[in-house]
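So you know, we letter chains A, B, ... as the sequences are listed, proteins then strands, and number each from 1.
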2 protein chains.
Amino acid sequence: MSPRRVTLADVAKIAGVSRTTASLVLSGRGRELRISQDVEQRVLKAADELQYRPNIVSVGLRTGTTRTIAFVSDTVATSRLAGDMIKGALEAARERGVMLFIGETEGDPELERLLLHAMHDRQVDGIILASMFTRTIRVPKGMAAIPAVLLNALPKQPSILPAVVPDEVEAGRTAVRVLLEAGHRDGIYLIGVGLGARDMPPESVAAVERLRGIREALGEAGIKPAGGRSCPDWQPEYGLDATRALLETTRPRALICFNDRLALGAYQALDDFGLKVPEDVSVISFDDHPIAAWMRPKLTTVALPHYELGRRAVDVLFEEIGRDKADPHPEGAVHRVPMPVRERQSVTPPGA
Amino acid sequence: MSPRRVTLADVAKIAGVSRTTASLVLSGRGRELRISQDVEQRVLKAADELQYRPNIVSVGLRTGTTRTIAFVSDTVATSRLAGDMIKGALEAARERGVMLFIGETEGDPELERLLLHAMHDRQVDGIILASMFTRTIRVPKGMAAIPAVLLNALPKQPSILPAVVPDEVEAGRTAVRVLLEAGHRDGIYLIGVGLGARDMPPESVAAVERLRGIREALGEAGIKPAGGRSCPDWQPEYGLDATRALLETTRPRALICFNDRLALGAYQALDDFGLKVPEDVSVISFDDHPIAAWMRPKLTTVALPHYELGRRAVDVLFEEIGRDKADPHPEGAVHRVPMPVRERQSVTPPGA
DNA sequence: TCGCATTGCTAATCCGATTTAGCAAACCTG
DNA sequence: CAGGTTTGCTAAATCGGATTAGCAATGCGA
């Protein structure tokens, strides 16, 4: 027997004015439309006493704006890593008084279609299309009908949609900089990608861009990577295999692992060969996966800024929403979010 | 310049009928209201051609039902563990064609109030109030206005709200059963809670109930735990300390760690003392935290069924929604979800 | 052939707000 | 003091559906 919600009509009746007047006052347009102080006060008082809150569904129907955005991802909501992305989006949304719908497509285009329809049907003000790991995606058609942003993804074909992605190239440079600053110049090996252009997952933006950053930064210091080992998948066991294979032929001074799981395998291989991190071999990695802080010694790694990515996506989305439709806007801009390094214990000067 | 959405009026016009008729046909009530086959076909055809989809905002305003539920948690969305809870809820919701709002209160009652208001304002059909770890919570007032379910939480005061929680008592029994089946009877120690009633976080449902299950199951086998060490917090370092302290005085045959992080510390302490898992000491734990599968040897643990919890919460919520208001319903039922054991490599027969 | 029931459909209202158009009273102005 | 402005507020339309009440045409029995 829930008491009926208080409506604008109730407020108007108590205040002894019309619904129009009440609406005007409560939307702050009372002044500009010359509502008297007296009436204004009465309406405000009534609204306060009745604890009036506008029904957003109704407002949505009338104005078309629901103060609601959609966060549609392949599977982001469930992975711890990327859960932070949601958190960032959530907080940025809350600051704007906006609610967040979430949906997971599980990579299924049909599901994605249904989900986007469902969001449309609910008149969301905007859509964030997120990917669990950075990659290029085919933008579903019909995305142009509503403001939208790609998160952790780049459009496969040119698109007007803006994108928010981690700055992987700069991350590669950062990893190198950390090693350089520690004094490393020789015996720097890569685990995860080979030095040839082959053997690199082309869909993986991370692989390509991290490598580019690494090459550039090393090049600027007049250095080349001493070698690299590709891995079929960036999982610990492959990191283990690749590092073992490497250690059978040489003694590296530093390892740049392309992600933390590879680093976990690398640690193990180094241990098998009786090599200590970081005294014998420094290790730097990417992602800042939770295990990085569990590892011993704690892993120095260039972090994927998930939280910040989520926030930025919302910021950019609201720029889109606020943009004048007529505004001639360039093709979807790519916003790159810096990847901060988490300096821990796995890098030390060579021979320290 | 997005083309205006197709409305029911458009369909009606194309089909050459009134909006009423179109509505009747499309809501499946055409038959019962004697709409002719001919007209029915015309409406269906028009709707199909125009790709008509009803505007849920409008339906929401008229009927009061938005096919939308809220998932409000303290911080569940961001922790990997509990992210699975969302996933479960998400999938169960999708199967019903329902969308999920998410919100995080960060444990702030004021934020929680605002969030619940915002959900009300959007006319959600129901609310799931979730906690990141199992505990008792004070049910915010105003929760009775809308169907709601407590997830991973029990009401501090008696409440009409149903609750969905993991079956921790049974989990305790399960842990014991695994050890018993492996042949353990002696030297079973507890890491995380002492044997006395003191030193146990009383808010932690897990601690109390797991211990109860353990005691019961051991008791039924005529056994008592050989000892136990409480920890100020269930973190690896305390698990390490507690286990070290234990090992200084005795040699356990099996450890029941109250969660996986404690087990991580215990592993380390055992290693420090030159004891091997599981040959020298079997270890069983709770939670199935991601690290459990990373540990070596892989940790046998009784899993928190996050995914299933999320699903159940939605199921129970829809029972609430479907329940006739007049239906005299008992006080909020507590639904206990079984905690399955993940048998891995850390338990073996004693002396194996 | 009149009266009543049935068939098949539609007009009008409602949900709860916003917004447009407009009205009555007070106020100027020449 | 007629005619135009300004002031201060409200009636009515609108958003897109669901729902209630009702109407015209046909069928049927007497």
Output side-chain donor-acceptor pairs under 3.5 Å for residues 308-318 of chain B, partner residues at least two apart or in another chain, one line each.
residue: B:Arg311; atom: NH1; partner: B:Glu95; partner atom: OE2; Å: 3.4
residue: B:Arg311; atom: NH1; partner: B:Tyr307; partner atom: OH; Å: 3.1
residue: B:Arg311; atom: NH2; partner: B:Glu95; partner atom: OE1; Å: 2.7
residue: B:Arg311; atom: NH2; partner: B:Glu95; partner atom: OE2; Å: 3.0
residue: B:Arg312; atom: NH2; partner: B:His335; partner atom: ND1; Å: 3.2
residue: B:Asp315; atom: OD1; partner: B:Arg96; partner atom: NH2; Å: 2.7

| request: At under 4.0 Å between heavy atoms, which parts of nucleotides 19-27 of chain C does protein reach? Answer with one letter per nucleotide, 5' to 3': B base, S sugar-phosphate only, - none. | output: BB-------

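Using a 3.5 Å distance cut-off with no hydrogens or angles, the side chains of B:Thr65 and B:Asp125 do pair a donor with an acceptor.
Residues satisfying the ring-ring contact (aromatic ring centres under 6.0 Å, His included) criterion with B:Tyr52, sequence neighbours excluded, are absent altogether. The salt bridge (charged side-chain N to carboxylate O under 4.0 Å, His left out) check on B:Arg42 picks up B:Asp38, with sequence neighbours excluded. Considering only residues two or more places apart in sequence or on other chains, B:Ser27 meets the side-chain hydrogen bond (donor to acceptor under 3.5 Å, both in side chains) condition with none of them. The salt bridge (charged side-chain N to carboxylate O under 4.0 Å, His left out) search around B:Glu40 returns B:Arg31, not counting sequence neighbours. Residues passing the salt bridge (charged side-chain N to carboxylate O under 4.0 Å, His left out) test with A:Arg34, sequence neighbours excluded: none. Residues meeting the salt bridge (charged side-chain N to carboxylate O under 4.0 Å, His left out) test with B:Asp121, sequence neighbours left out: A:Arg5, A:Arg53. Every residue two or more places apart in sequence or in another chain that forms a side chain to side chain contact (heavy atoms under 4.5 Å, CB included) with A:Ser23 is listed here: A:Leu8.
Computed from coordinates, the A:Gln41 CD to D:dC9 P distance equals 13 Å when rounded to whole Å. Remark: P of D:dG16 and CZ of B:Arg5 are 9 Å apart, rounded to the nearest angstrom. With rounding to whole Å, B:Leu26 atom CG is found 13 Å from D:dG16 atom C1'. One can place CD of B:Gln37 at 14 Å from C1' of C:dT7, the figure rounded to the nearest angstrom. Rounded to whole Å, the distance from CZ on B:Arg67 to P on D:dG17 is 16 Å. Atom P of nucleotide D:dC9 and atom CD of A:Glu32 are separated by 15 Å, given to the nearest angstrom. One can place NZ of B:Lys13 at 15 Å from C1' of D:dG16, the figure rounded to the nearest angstrom.
In the helix from C:dT1-D:dA30 to C:dG30-D:dC1, the rotation axis of the first five pairs and that of the last five pairs differ in direction by 70°, rounded to 10 degrees.
Dashed line: the shortest gap from a side-chain N or O of A:Ser18 to OP1 or OP2 of D:dC9 is not under 4.0 Å. For D:dC9, the OP1/OP2 oxygens have a side-chain nitrogen or oxygen of A:Ser36 closer than 4.0 Å.
To the nearest 0.5 Å, atom OG1 of residue A:Thr7 and atom NZ of residue A:Lys13 are 8.5 Å apart.
Among the atoms of the strands shown, base atoms are found under 4.0 Å from some heavy atom of A:Leu8. At a threshold of 4.0 angstrom between heavy atoms, the contacts of B:Thr7 are confined to the sugar-phosphate backbone, with no base atom among them.
Nearest-nucleotide positions on DNA chain D place A:Ile35 closer to the 5' end than the other of A:Ile35 and B:Ser58. The 5' end of DNA chain C is approached more closely, in terms of each residue's nearest nucleotide, by B:Arg42 than by the other of B:Leu61 and B:Arg42.
For the ring-ring contact (aromatic ring centres under 6.0 Å, His included) condition, the pairs that include at least one residue of residues 92-116 of chain A, sequence neighbours left out, are A:Phe101-B:Phe101.
Taking both residues in full, the closest heavy atoms of A:Gln123 and B:Val57 are given as CG-CG2, 3.3 Å, listed atom of the first, atom of the second, then distance.
Listed by residue number, there are no residues of residues 46-57 of chain B with a heavy-atom contact under 4.0 Å to DNA chain C.
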